[in-house]
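Structure record follows, encoded as structure tokens.
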Number of protein chains: 2
Amino acid sequence: MNSATPTPSASDHRATADRLLDAAEQLFADQGVAATSLRQITTAASANLASVGYHFGSKDGLLREVLGRRILPVNVIRLRLLDELETRSAPPSIEEILDAFLRPIFEQPENVRTNFTRLMSRLHHSPDPAAMSYLQEIIGPIATRTLGALKRALPGVPVERIFLRAHFMIGAMLNALSAWDPHHCVVDMAPRNESGDQLLAELVQFSAAGIRQLGEIETLAPKR
Amino acid sequence: MNSATPTPSASDHRATADRLLDAAEQLFADQGVAATSLRQITTAASANLASVGYHFGSKDGLLREVLGRRILPVNVIRLRLLDELETRSAPPSIEEILDAFLRPIFEQPENVRTNFTRLMSRLHHSPDPAAMSYLQEIIGPIATRTLGALKRALPGVPVERIFLRAHFMIGAMLNALSAWDPHHCVVDMAPRNESGDQLLAELVQFSAAGIRQLGEIETLAPKR
DNA sequence: AACTGTTCTAAACGAACGTTTGAATGATGT
DNA sequence: ACATCATTCAAACGTTCGTTTAGAACAGTT
């Protein structure tokens, strides 16, 4: 009687709050938070306009729940991986640290990963005040622990330099994960058929090579 | 009679259009395009609300002129540097190619560079349709030429891989140049007192190391 | 002084936004 | 059957947005 997928397509029997979260996540990722109206969201979710206020209080409340629903599970995995790395005998390599930070994102289902990272990169570059304070409190501890592990893996390297290169990596990650639609890219060739595993490997390799390269900075700038 | 700086501060005698461009650039960079109203811009520029329509036609027209005023001169320098590299006898190194792409941005005055790159990174992650088509037409050729030079500097490497890593570099650059305000950063330590030259050198070094690292991808992902 | 064209201004326009309200609806427990 | 609670709904609220309009202020030329 029932098919393999739970309530596959036609009339959506999930709770209204879930449908609102899904629609908001998709639209926020597609258009940005400020550019998405509650009317768009409720129409896409086949819900009433006032249901956002009823279930989430406000648009900001909806945004917070959209974010937390994806970030919190990822952070649990991140902490577990970091714990495993630090309780081992051998000190972890840079690749292993970066992998612990990046892999939990890539192990999400494809569409979840895509929408979530696109939304994150938008927020990272458009400081919605309500979202930023929330993000700060839930991913700040993870960032601090990851940076601490990197510091221990790079003894003698100034902390500002490590931090700067970690910043480079964050930018590379957000850009790689979010800017894949052709309308968005300024140059028309885009390797869209990249698998998640391969993308993760490329990103870890790229970032590890850049972070490890910590020679004499002053003499390296080519004087043209 | 006249001081060294042309009309230094008090009552602003520059043309209204210039004041509007400056105010719009600052506010767009601070808050994003969609979140900035024409009333904020005209108030900051001490101009009338309708003056935007008079001088630029619409808000999109204002945005296009804000962008073109900064990008077009940078692109002229980029083309000149690329020409110099390609008419030399020795083939250019990866560092030289990246430097030709990045240096013209860093040689802008400090506040121009900061505001412009913050605005660019916002647009790069919030596809305003009008701005994107304009950006595509004015920086598409530059991107194509830079990618062509990278391809020639990395013979035998698949083009998709080069493109992917160039994408990483763009993300690193945008993130490094734009995310320096403490309210914005999820982790509170930020090396704000970095000089432009040092930041450029770090960025070129980081990206060149990552791009050059083109070994066997499949075996590099640490299996945790 | 009179005319012409450019620039600026105050006021209003319609549309879209997030939010709130109060009643209708449906399920649950007694 | 009634009462209770959570949920949904249509409608309206006040605000803000980008844009438009018609006229005032000012310059330069004849």
Side-chain angles (χ1 to χ4, degrees), chain A residues 7 10-28 30-67 119 122-123 126-134, chain B residues 7 10-28 30-67 119 122-123 126-134:
Chain A
T7 46
S11 72
D12 213 337
H13 282 154
R14 290 172 301 141
T16 304
D18 282 341
R19 294 203 315 275
L20 286 174
L21 287 174
D22 289 343
E25 182 179 78
Q26 181 75 52
L27 287 166
F28 285 164
D30 282 344
Q31 312 174 349
V33 176
T36 300
S37 70
L38 294 185
R39 286 166 175 85
Q40 280 183 282
I41 295 172
T42 52
T43 299
S46 301
N48 189 272
L49 173 60
S51 58
V52 173
Y54 175 75
H55 285 286
F56 305 102
S58 65
K59 188 183 184 181
D60 279 339
L62 172 62
L63 174 58
R64 287 169 65 102
E65 198 128 334
V66 164
L67 293 174
L119 173 55
R122 278 195 212 287
L123 285 175
S126 301
D128 182 301
M132 287 317 291
S133 68
Y134 182 60
Chain B
T7 47
S11 73
D12 213 337
H13 283 157
R14 289 173 301 143
T16 304
D18 281 341
R19 294 203 315 276
L20 285 173
L21 287 174
D22 289 342
E25 182 179 77
Q26 181 75 52
L27 287 167
F28 284 164
D30 283 342
Q31 312 175 348
V33 176
T36 300
S37 68
L38 294 184
R39 287 165 175 84
Q40 280 183 284
I41 295 171
T42 52
T43 299
S46 301
N48 188 271
L49 172 60
S51 58
V52 172
Y54 176 74
H55 284 286
F56 304 101
S58 65
K59 188 183 183 182
D60 279 338
L62 172 62
L63 173 59
R64 287 169 64 101
E65 198 129 335
V66 164
L67 293 174
L119 173 54
R122 277 194 213 289
L123 286 175
S126 302
D128 182 301
M132 286 317 292
S133 69
Y134 182 60

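Quick caveat: nothing in here was measured; it's all calculated off a predicted structure. Order of the sequence lines fixes the chain letters, A, B, ..., with proteins taken first and strands second; residue numbering starts at 1 for each chain.
One finds the CG atom of Leu67(A) at 5.5 Å from the CG atom of Leu123(A) (value rounded to the nearest 0.5 Å). Here Gln26(A) contributes atom CD and Leu119(A) contributes atom CG; the two are 10.5 Å apart, rounded to the nearest 0.5 Å. Rounded to the nearest 0.5 Å, atoms CG (Leu27(B)) and CD1 (Ile41(B)) are 6.0 Å apart. With values rounded to the nearest 0.5 angstrom, Arg64(B) atom CZ is found 9.0 Å from Ser58(B) atom OG. To the nearest 0.5 Å, atoms CD (Glu25(A)) and OG1 (Thr36(A)) are separated by 12.5 Å.
Among the protein residues, Ser37(B) comes within range of the sugar-phosphate backbone only, with heavy atoms under 4.0 Å from sugar or phosphate atoms but none that close to a base. The residue Thr36(B) sits close only to the backbone: its heavy atoms come under 4.0 Å of sugar-phosphate atoms, none of a base.
Taking the side chain as every heavy atom from C-beta outward, Leu21(A) and Phe56(A) approach each other to under 4.5 Å. Inter-residue side-chain proximity for Leu49(B) and Leu38(B) is flagged as met; some heavy-atom pair is nearer than 4.5 Å.
Distance, Ile41(A) CD1 to dA16(C) C1': 15 Å, rounded to whole Å. Look at CZ on Arg14(B): it is 17 Å from C1' on dT7(C), rounded to the nearest Å. Following rounding to the nearest Å, Leu49(A) (CG) and dA16(C) (C1') show an atom-to-atom distance of 12 Å. As a whole-Å value, the separation of Lys59(B) NZ from dA15(C) C1' is 15 Å. Per the geometry, CZ belonging to Arg39(B) stands 11 Å off C1' belonging to dC13(C), to the nearest Å. Between the CG atom of Asp60(A) and the C1' atom of dC17(C) there is a distance of 14 Å, rounded to whole Å. Here dT9(C) presents its P atom at 16 Å from CG of Leu38(B), a figure rounded to the nearest Å. What separates OH of Tyr54(A) from P of dT21(C) is a distance of 15 Å, to the nearest Å.
The shortest distance between the side-chain N/O atoms of Thr16(A) and the OP1/OP2 oxygens of dT8(D) is below 4.0 Å. For dT7(D), the OP1/OP2 oxygens have no side-chain nitrogen or oxygen of Asn48(A) closer than 4.0 Å. Here His55(A) does not reach the OP1 or OP2 of dA6(D): none of its side-chain N or O atoms lies under 4.0 Å away.
For Ala50(B), taking side-chain heavy atoms from C-beta onward, the closest of the listed nucleotides dT8(D), dG18(D), dT20(D) is dT20(D).
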Pairs under 3.5 angstrom, nitrogen or oxygen only, protein versus nucleotides 24-27 of chain C, please.
none

